[in-house]
Number of protein chains: 2
Amino acid sequence: MEATPTNRMKDWKAQASDLSQCPVRQVLDHVSAKWPVLILMELEQGPVRFNALLRALPDISKRMLTQSLRNLERDGIVRREVFDTKPPSVCYSLTELGEGFLPHLLAMVDWAEKGMPHIAAARAAFDRA
Amino acid sequence: MEATPTNRMKDWKAQASDLSQCPVRQVLDHVSAKWPVLILMELEQGPVRFNALLRALPDISKRMLTQSLRNLERDGIVRREVFDTKPPSVCYSLTELGEGFLPHLLAMVDWAEKGMPHIAAARAAFDRA
DNA sequence: CTGGATCCAACTCGATACTG
DNA sequence: CAGTATCGAGTTGGATCCAG
């Protein structure tokens, strides 16, 4: 069977409702969650250290930053490098896989920004009713 | 100031950490959540009725389907049409805004699928360590 | 500096029952 | 058919303390 977009989607749907059975969904959930999005956009500027990220993202907690970075690292989207200095420092950066994802993320942000007038109008109309 | 991607991103970051203050993040969260993704892909095939959606998405509950559809409708991504027949029927479809979003969604799915070999390898390597 | 471990409050979501 | 209402289990995430 040819892997047309439509066919792919159907195969996809068959497993997609069971999140734990669909690898694609797992990755998508990791990258689209609240903090990973912001982390990825920080990393686009170049390699960053842990505490720098912590400062750059004013409202994230250490717990969530660590957890998000671990997910991204495990999926091969972010690279973690430990330098055995004193005190120790850890540097995070995008892998090639991660760099390949950023355009899609930015495209969605762009779509959302360009659509905001429509969205705001829709919300106002909806809330009136 | 020119609205380059970089500049836009900086403006963005200023508010992004406070989810309730960033409209873009709100929309992104709505569309990237677990069920909305699947709903949107169903809707791509054409208008669907409530119960049809319920059947198409085996594991979704009425509660979540209603809630997800309401969010999408409020953001102007999904159109809801009520036909006053007996029994009543409600038809959901993509708005133009929603159709404009789907390519981005599909692109991300595509990226995830194409990257799965890398991701699986990364996960295996990570779990060994 | 870079985390791990634990506790606890808040929110999420599914199941169930009910309505026009 | 297309929802709404309510409740309880489960999950999430922030705060705090500890460690290499």
Side-chain angles (χ1 to χ4, degrees), chain A residues 16-22 25-26 28-39 42-43 47-74 78-93 126-127 129, chain B residues 16-22 25-26 28-39 42-43 47-74 78-93 126-127 129:
Chain A
S17 57
D18 189 352
L19 233 194
S20 61
Q21 297 296 330
C22 180
R25 289 299 308 271
Q26 290 176 18
L28 252 33
D29 274 22
H30 285 166
V31 294
S32 71
K34 178 177 182 180
W35 296 114
V37 169
L38 298 178
I39 292 172
E42 277 306 312
L43 290 180
V48 199
R49 294 186 40 191
F50 185 84
N51 267 7
L53 270 176
L54 209 53
R55 280 189 298 274
L57 276 26
D59 289 353
I60 198 174
S61 66
K62 262 195 303 190
R63 188 186 200 277
M64 282 299 97
L65 180 55
T66 301
Q67 193 174 101
S68 305
L69 285 170
R70 285 291 173 282
N71 284 337
L72 295 172
E73 184 196 357
R74 192 174 108 95
V78 157
R79 175 174 33 244
R80 177 175 182 265
E81 290 166 296
V82 181
F83 299 101
D84 220 0
T85 57
K86 198 171 75 168
S89 75
V90 179
C91 182
Y92 292 92
S93 54
F126 183 91
D127 292 343
Chain B
S17 56
D18 189 352
L19 233 194
S20 61
Q21 296 296 330
C22 180
R25 291 298 309 272
Q26 290 176 18
L28 252 31
D29 274 20
H30 285 166
V31 294
S32 70
K34 176 176 182 181
W35 296 115
V37 169
L38 298 177
I39 293 173
E42 276 307 311
L43 256 33
V48 200
R49 294 184 40 188
F50 185 85
N51 268 6
L53 270 176
L54 209 53
R55 280 188 298 272
L57 277 25
D59 289 352
I60 197 173
S61 65
K62 262 196 296 192
R63 188 188 201 281
M64 281 299 97
L65 180 55
T66 301
Q67 192 173 103
S68 304
L69 286 169
R70 286 289 175 282
N71 284 338
L72 295 172
E73 185 196 356
R74 191 173 107 95
V78 157
R79 175 173 32 245
R80 178 175 181 266
E81 290 168 296
V82 181
F83 299 101
D84 221 359
T85 56
K86 199 172 74 170
S89 74
V90 179
C91 183
Y92 291 92
S93 54
F126 183 92
D127 291 345

With sequence neighbours excluded, tell me which residues meet side chain to side chain donor-acceptor pair (under 3.5 Å) with B:Asp84.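 Residues passing side chain to side chain donor-acceptor pair (under 3.5 Å) with B:Asp84: none at all.
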What residues form a side chain to side chain donor-acceptor pair (under 3.5 Å) with B:Arg63, not counting sequence neighbours?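 None.
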Please report, rounded to the nearest Å, how far the [atom2] atom of [N] is from the [atom1] atom of [X].
X       : N      : atom1 : atom2 : answer
A:Arg55 : C:dT2  : CZ    : C1'   : 12 Å
B:His30 : C:dT12 : NE2   : C1'   : 14 Å
B:Asp29 : D:dG13 : CG    : P     : 11 Å
A:Leu57 : D:dG14 : CG    : C1'   : 15 Å
B:Leu65 : D:dG3  : CG    : P     : 8 Å
B:Glu73 : D:dG3  : CD    : P     : 9 Å
A:Leu53 : C:dT2  : CG    : P     : 10 Å
A:Leu54 : C:dC1  : CG    : P     : 10 Å

Return the set of residues passing side chain to side chain contact (heavy atoms under 4.5 Å, CB included) with B:Arg80 (not counting sequence neighbours), or none when no residue passes.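 B:Arg80 satisfies side chain to side chain contact (heavy atoms under 4.5 Å, CB included) with B:Arg70, B:Glu73, B:Val82, B:Val90, B:Tyr92 once adjacent residues are dropped.
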Please list, chain by chain and in numerical order, all residues satisfying side chain to side chain contact (heavy atoms under 4.5 Å, CB included) with A:Pro47, sequence neighbours excluded.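 Only A:Cys91, A:Ser93 meet the side chain to side chain contact (heavy atoms under 4.5 Å, CB included) criterion with A:Pro47.
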So which atom in [X] and which in [Y] form the shortest heavy-atom distance, rounded to 0.1 Å?
X       : Y       : value
A:Pro36 : A:Val31 : CB-O, 3.9 Å
A:Glu42 : A:Leu57 : CG-CD1, 3.5 Å
B:Ile39 : B:Ser68 : CD1-CB, 3.5 Å

Between the axis at one end of the helix from C:dC1-D:dG20 to C:dG20-D:dC1 and the axis at the other (five pairs apiece), what's the angle to 10 degrees?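 Here the helix ends are tilted 50° relative to one another.
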Enumerate the protein-to-nucleotides 3-6 of chain C contacts in which both atoms are nitrogen or oxygen and the separation is below 3.5 Å.
| unit_1 | atom_1 | unit_2 | atom_2 | d |
| --- | --- | --- | --- | --- |
| C:dG3 | OP1 | A:Arg70 | NH2 | 3.0 |
| C:dG3 | OP1 | A:Arg80 | NE | 3.2 |
| C:dG3 | OP1 | A:Arg80 | NH2 | 2.4 |
| C:dG3 | OP2 | A:Tyr92 | OH | 2.4 |
| C:dG3 | N7 | A:Lys62 | NZ | 3.4 |
| C:dG3 | O6 | A:Lys62 | NZ | 2.9 |
| C:dG4 | OP1 | A:Arg70 | NH2 | 3.4 |
| C:dT6 | O4 | A:Arg63 | NE | 3.3 |

B:Trp35 vs C:dG14: side-chain N/O to OP1/OP2 distance below 4.0 Å: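 Indeed, a polar side-chain atom of B:Trp35 lies that close.
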Criterion side-chain contact (heavy atoms from CB on, under 4.5 Å) on A:Leu53 and A:Leu69, from CA distance to verdict: CA-CA 10 Å; A:Leu53 270 176; A:Leu69 285 170; 4.1 Å; yes
Partners meeting salt bridge (charged side-chain N to carboxylate O under 4.0 Å, His left out) with A:Arg74 (sequence neighbours left out):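 A:Arg74 satisfies salt bridge (charged side-chain N to carboxylate O under 4.0 Å, His left out) with B:Asp127 once adjacent residues are dropped.
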